[in-house]
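Beneath this line is the structure, given in structure tokens, with notes to follow.
So you know, we letter chains A, B, ... as the sequences are listed, proteins then strands, and number each from 1.
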Amino acid sequence: MANQPYNPAEVEARAIDKWERQEAFRAVEQPGVEKFYCLCMLPYPSGALHMGHVRNYTIGDVISRYHRMCGRNVLQPMGWDAFGLPAENAAIKHDTAPARWTYQNIEHMRGQLKRLGFAYDWSREVTTCRPEYYRWEQLMFTRLMRNGKAYRKDAEVNWDPVDQTVLANEQVVDGRGWRSGAVVERKSIPQWFLKITDYAEELLQGLDELAGWPEAVKTMQRNWIGRSEGAEFEMQVCDAAGAPDPGGRAVRVFTTRPDTSFGMTYAVLAPEHPLVEEITTAERRAEVERFVAQAREATEEDRLAVEGGLEKRGVSTGAYLFNPFTRKPVPLYLADYVLMGYGTGAIMAVPGQDQRDWDFANSHGLPIIRTVAPPDGWEGEAWVEDGPAINSEWLNGLEVAVAKEKATQWLVEQRIGERKVNYRLRDWGVSRQRYWGCPIPVIYCAACGALPVPEDELPVVLPEDVTFMGVRSPIKADPEWRKTTCPECGGPAERETDTFDTFMESSWYYARYCCPDADSQLDERADYWLPIDQYIGGIEHAILHLMYFRFYHKLMRDAGMVASDEPATRLLCQGMVVADTFCREEDDGKLHWFNPADVEVERDAKGGPVAAILREDGEPVSFGGVEKMSKSKNNGIDPRVLVERYGADTVRLFSVSDSPPHQSLEWSESGVEGASRFLRRVWSQVLAHVDGGPCEALDAGALDAGQREMRRLVHDAIAKVSDDISRRYTFNTAIAAIMELTNHLARFDDSHPQSRAVVREAWLAVVRLIAPITPHICEELWSRLGGAGPAYCADWPVADEAARERQQVTLVVQVNGKLRARIELEPGAGQEQALEQALAVENIKRHVDGKTIRKVIHVPDRLLNIVVA
RNA sequence: GCCGGAGUGGCGGAACUGGUAGACGCGCCGGACUCAAAAUCCGGUUCUGGCGACAGAGUGUGGGUUCGAGUCCCACCUCCGGCACCA
């Protein structure tokens with residue numbers, strides 16, 4: 001039987017069948033039992049799994065299987081982020097309907113996930129394009145409309161004038177529509193927004209509590225929210241002599257540096273500012289209008305292209321503002337470096353303390369007054385750091401922070417302005433002019449305006465059986481679908497034909513898993529499982545998805561649906577899967593990329609790579625660097641092929657063995673073979689042990705030194721692997737420790753009966769230690785070893801501290817910090833004894849003799865450093 | 001420009017709390033088995049000198065703190081990621 005070869009396909013089919021029969025991963029709420037909710041970001045059903053999915057879901061599966069074995073009540077669900085643009089593209093390409101294509105992909109990918117043995121509770125599967133899912137999101141939206149958290153305003157979109165359709169950013173290639181090739185226009189249309197800015201402060205503060213989130217993600221979110229403290233105040237419009245505007249108009253500005261107000265030498269409005277029209281003087285009008293038109297047409301890229309010390313574009317309005325600090329007028333300009341969407345869309349300009357203002361002042365011949373003294377010898381331009389105030393009357397001599405405070409207080413006392421906090425974060429635009437998304441539940445009535453669809457008429461169902469040509473959304477093209485009656489006045493009305501941003505669906509799916517069949521958006525089961533104990537997904541979601549789902553959680557909390565403030569306590573962002581790229585330049589000068597699976601790498605005697613050749617023709621190819629797996633670089637590896645060739649366990653093992661989860665994983669065929677070799681070795685070693693027949697009970701007190709040492713290694717490994725999986729999340733080092741242990745076991749002489757008992761204990765431990773990573777083979781080996789019950793719910797092994805006690809420890813002996821010898825001692829030996837023993841060693845004597853011992857540093861059981869001179 | 005992360009053998013990576021640098025895997029070298037090859041098994045593998053015992057050097061660069069630094073501090077270089085006219 002020991003010769004029975006390891007056949008992954010057979011072993012894995014058997015294990016999967018067992019789990020299904022036993023409904024092994026079905027999660028049931030058990031009040032009083034510690035729960036663990038482990039969630040991986042749900043996939044978009046693009047057609048097939050890629051290695052990134054495999055890695056992501058393996059990480060999640062390892063964590064949840066570990067916690068299950070520790071006795072926790074684990075929920076690990078899976079679902080489909082099923083709405084989205086790719087379905088529309090595929091529908092055109094394959095002449096099918098987006099729904100059909102999506103459902104087919106889901107079928108296929110579900111099969112792939114099952115084949116990989118992920119421990120999901122499939123009874124909780126959620127598919128976001130189903131009305132039974134999105135109806136709740138529609139209901140929530142209508143409630144947000146009623147309480148003012150959802151509102152409508154104009155916003156710009158990319159408009160394809162040929163196809164007469166709105167394009168997503170990804171559909172704009174080099175400024176042209178991807179299908180028509182027409183130059184894309186910017187067009188302002190009314191769209192729906194959610195007031196995420198109402199939660200800016202809470203979203204920011206909440207980050208401090210998320211100890212289990214990566215710093216990188218929290219930093220990105222902090223920057224994205226972009227909180228800045230300052231003051232907002234009003235300045236009267238006046239003429240060059242300071243005479244007030246007869247219309248009494250004023251401009252509000254926001255500044256983070258009210259302390260520098262005495263250095264204001266001009267002010268600027270954004271080109272879109274509503275006052276531009278009114279205050280521009282007659283002689284400046286023509287030029288101002290030209291500038292405004294130019295700014296409106298310029299793409300964002302064009303506007304940004306001027307950045308970085310280049311001349312700032314702008315024009316004078318001919319009007320002036322009255323600086324309340326100096327009681328003098330300053331000229332008012334228009335410039336496109338001031339954005340309408342931030343602050344008040346108007347700024348006071350202080351060239352002495354702001355580099356952009358400095359640049360603008362320079363190119364427009366405006367005066368520069370420093371109001372913070374730069375250090376002696378400073379030869380730069382704007383000084384933005386701390387220092388004493390100068391040229392600032394009653395602020396002179398004060399440091400920046402103090403001056404800021406005093407200036408702000410003055411504004412408040414004078415009733416000119418107030419303290420103000422601004423955020424960079426903008427409200428979330430949720431309208432998409434696409435077909436394949438959740439219909440926005442709104443009705444437009446000529447008499448009554450925009451109204452939420454009444455709750456008893458929900459859901460607004462998206463028709464799935466459509467002919468999709470991709471030019472216009474089928475629901476936009478169908479007047480019948482649009483036609484409805486006004487819920488207020490009963491008159492004729494039209495439905496909204498825009499759909500939600502797909503981030504809407506992914507903002508609350510995690511909560512729906514808790515109660516997928518609930519007759520409301522959520523029920524009381526949500527609070528049993530939430531918050532998510534471990535969330536896992538790609539870093540590319542650091543800002544948008546991870547911000548939106550935190551926001552939506554707070555919306556649900558405020559609607560009384562959940563009790564927690566945050567959706568996930570711990571977050572892990574796994575690294576990308578990367579691979580070598582190989583290419584050749586074709587005759588037309590373009591690069592042709594070859595799949596690493598088709599390339600052979602030649603090495604020198606040391607193993608360093610010297611050349612790469614294409615297997616097919618034996619001709620060389622050039623190495624193009626290590627890149628994220630992608631179609632464009634043709635360096636993707638299909639997990640399907642790997643699973644067929646090596647089995648799911650090998651693929652799972654490799655995908656977490658070569659680097660820690662948060663780092664990128666470098667694909668290597670030989671690495672996969674190494675993983676496979678390891679599993680075959682474990683297989684044959686365990687079978688060989690089982691073949692030796694039953695063995696006697698372990699008597700820990702009766703072991704000889706060698707047996708005790710073997711047993712110590714086993715229990716050390718248990719402790720290390722447990723810590724690596726639960727605390728450190730370094731599965732690579734856990735696997736290394738298991739491999740090390742099996743290497744020791746292979747060399748261990750098990751001819752003595754008690755030795756066999758030690759070995760049996762070891763294998764029972766090893767099989768459980770790798771079970772979260774390679775569950776199928778472990779299921780089989782566990783049962784052959786006679787383990788109790790199925791492996792997936794076997795007790796996680798616990799290290800026996802008594803077995804870990806050492807009889808002897810190795811003490812490193814240094815002389816002047818240089819390693820000179822190692823000595824064996826009993827644990828806990830004192831410095832005197834250690835020193836005596838060390839000085840008896842020949843090599844130590846050589847380095848110490850003839851010198852005076854100045855100092856001895858002793859770290860018990862670790863190190864002895866003898867300092868001589 | 002600002003903010004984050006990282007630089008360690010031929011390669012991926014270990015070294016968690018300042019205490020044996022290079023665990024584990026890959027690759028490579030040697031051996032066993034074989035008619036042979038593959039597979040498998042055993043041994044070796046940072047560099048330099050030496051038969052060896054050993055000795056010297058070594059974690060991006062240059063300084064520093066310390067009995068002792070991959071780890072801490074200062075300055076710099078390179079790479080990756082995010083944000084980028086946010087007043």
What is the distance from CD of A:Gln814 to P of B:rG18, rounded to the nearest Å?
16 Å

Start at the 5' end of RNA chain B and walk down; is the nucleotide closest to A:Ala736 or to A:Ser664 reached first?
A:Ser664

What is the distance, rounded to the nearest whole Å, between atom CE of A:Met348 and atom P of B:rC85?
20 Å

Between B:rG56 and B:rG7, how far is it from one P atom to the other, in whole Å?
28 Å

Just the rounded figure in Å: distance from P of B:rA15 to CG of A:Leu819.
21 Å

Anti or syn - B:rG60, cut at 90° from 0:
anti

Closer than 3.5 angstrom, by distance alone: can the side chain of A:His273 be matched with the main-chain N or O of A:Leu275 as a donor-acceptor pair?
yes

So for A:Arg727 and B:rC16, does any side-chain atom that can act as donor or acceptor lie under 3.5 Å from a complementary atom in the base?
yes

Please report the distance separating the P of B:rC28 from the corresponding atom of B:rG10, rounded so that it comes out in whole Å.
16 Å

Check: B:rC67 base within 3.5 Å donor-acceptor of A:Asn865 side chain
yes

Separation between the P atoms of B:rC85 and B:rU65, rounded to whole Å:
45 Å

Rounded to the nearest Å, what distance is computed from the CD1 atom of residue A:Ile844 to the P atom of nucleotide B:rC54?
11 Å

Students often get this wrong, so: under 4.0 angstrom with heavy atoms, is A:Arg426 touching a base, only sugar-phosphate, or nothing?
base

Give A:Lys420 one of three labels, base, sugar-phosphate or nothing, depending on what nucleic acid heavy atoms sit under 4.0 Å from its own.
nothing

Is there a ring-ring contact (aromatic ring centres under 6.0 Å, His included) between A:Phe254 and A:Phe233 once you walk through the steps?
CA-CA 7 Å; A:Phe254 170 71; A:Phe233 65 95; 10.0 Å; no

Write down the distance separating the C1' atoms in B:rG64 and B:rC16, rounded off to the nearest Å.
26 Å

A:Arg820 side chain near B:rA55 phosphate (N/O to OP1/OP2, under 4.0 Å)
yes

Between the side chains of A:Glu229 and A:Arg227, is the shortest nitrogen-to-carboxylate-oxygen separation below 4.0 Å, so that they form an ion pair?
yes

Note, RNA chain B 5' to 3' with Watson-Crick or G-U pairs under 3.5 Å encoded as ( ), [ ], | and . gives (((((((..(((......[....)))((((((.......))))))((((....))))..(((((..]....))))))))))))....

With a non-hydrogen cut-off below 4.0 angstrom, is A:Asn422 in contact with a base, only sugar-phosphate, or nothing?
nothing

Please round to the nearest 0.5 Å and tell me the distance separating atom CG of A:Leu321 and atom CG of A:Leu269.
7.0 Å

What is the separation between atom CG on A:Leu741 and atom C1' on B:rA23, rounded to the nearest whole Å?
14 Å

Just to be sure I understand the rule, does A:Ser228 reach a base, reach only the sugar-phosphate, or reach nothing, if contact means heavy atoms closer than 4.0 Å?
sugar-phosphate

B:rU40, OP1 or OP2 - any side-chain N/O from A:Arg680 closer than 4.0 Å?
yes

Between B:rG25 and B:rG31, how far apart are the P atoms? Round to whole Å, please.
22 Å

Write down the distance separating the P atoms in B:rA15 and B:rG4, rounded off to the nearest Å.
24 Å

What is the distance from CD of A:Gln663 to P of B:rG12, rounded to the nearest Å?
11 Å

Does the pair A:Lys720/A:Asp724 count as a salt bridge with the N-to-O cut at 4.0 Å?
yes

Hey, are A:Gln221 and A:Arg550 close enough side-chain-wise for a donor-acceptor pair under 3.5 Å?
yes

Please walk me through it: do A:Gln353 and A:Thr371 pass side chain to side chain donor-acceptor pair (under 3.5 Å)?
CA-CA 7 Å; A:Gln353 265 68 234; A:Thr371 56; 2.8 Å; yes

May I have the distance from A:Phe360 (atom CZ) to B:rA87 (atom P), rounded to whole angstrom?
18 Å

Could you tell me whether the side chains of A:Ser684 and A:Arg680 share a donor-acceptor contact shorter than 3.5 Å?
no

Return yes if a side-chain donor-acceptor contact under 3.5 Å exists between A:Tyr337 and A:Asp357, otherwise no.
yes

Closest nucleotide among B:rA15, B:rG13, B:rA87 to the A:Thr256 side chain
B:rA87

Categorize A:Thr733 for me: base, sugar-phosphate, or nothing, with a 4.0 angstrom heavy-atom threshold over every strand shown.
sugar-phosphate

Rounded to whole angstrom units, what separation is found between the CZ atom of A:Arg677 and the C1' atom of B:rC41?
12 Å

Is A:His847 touching bases, backbone alone, or none of the nucleic acid, heavy atoms closer than 4.0 Å?
sugar-phosphate

Nearest-Å distance once atom P is located in both B:rC42 and B:rA55:
32 Å

Between A:Gly343 and A:Val859, which is nearer to the 5' end of RNA chain B once each is assigned its nearest nucleotide?
A:Val859

Where the side chain of A:Trp224 is concerned, which of B:rC85, B:rA14, B:rC83 is the nearest nucleotide?
B:rC83

Which part of the nucleic acid, if any, lies within reach of A:Gly226 when heavy atoms closer than 4.0 Å are counted: base, sugar-phosphate only, or nothing?
nothing

ring-ring contact (aromatic ring centres under 6.0 Å, His included), that's the test. Do A:Phe360 and A:Tyr333 meet it? Break it down for me.
CA-CA 10 Å; A:Phe360 189 89; A:Tyr333 277 72; 5.5 Å; yes

Which value, in whole Å, describes the distance between the P atoms of nucleotides B:rG52 and B:rU66?
39 Å

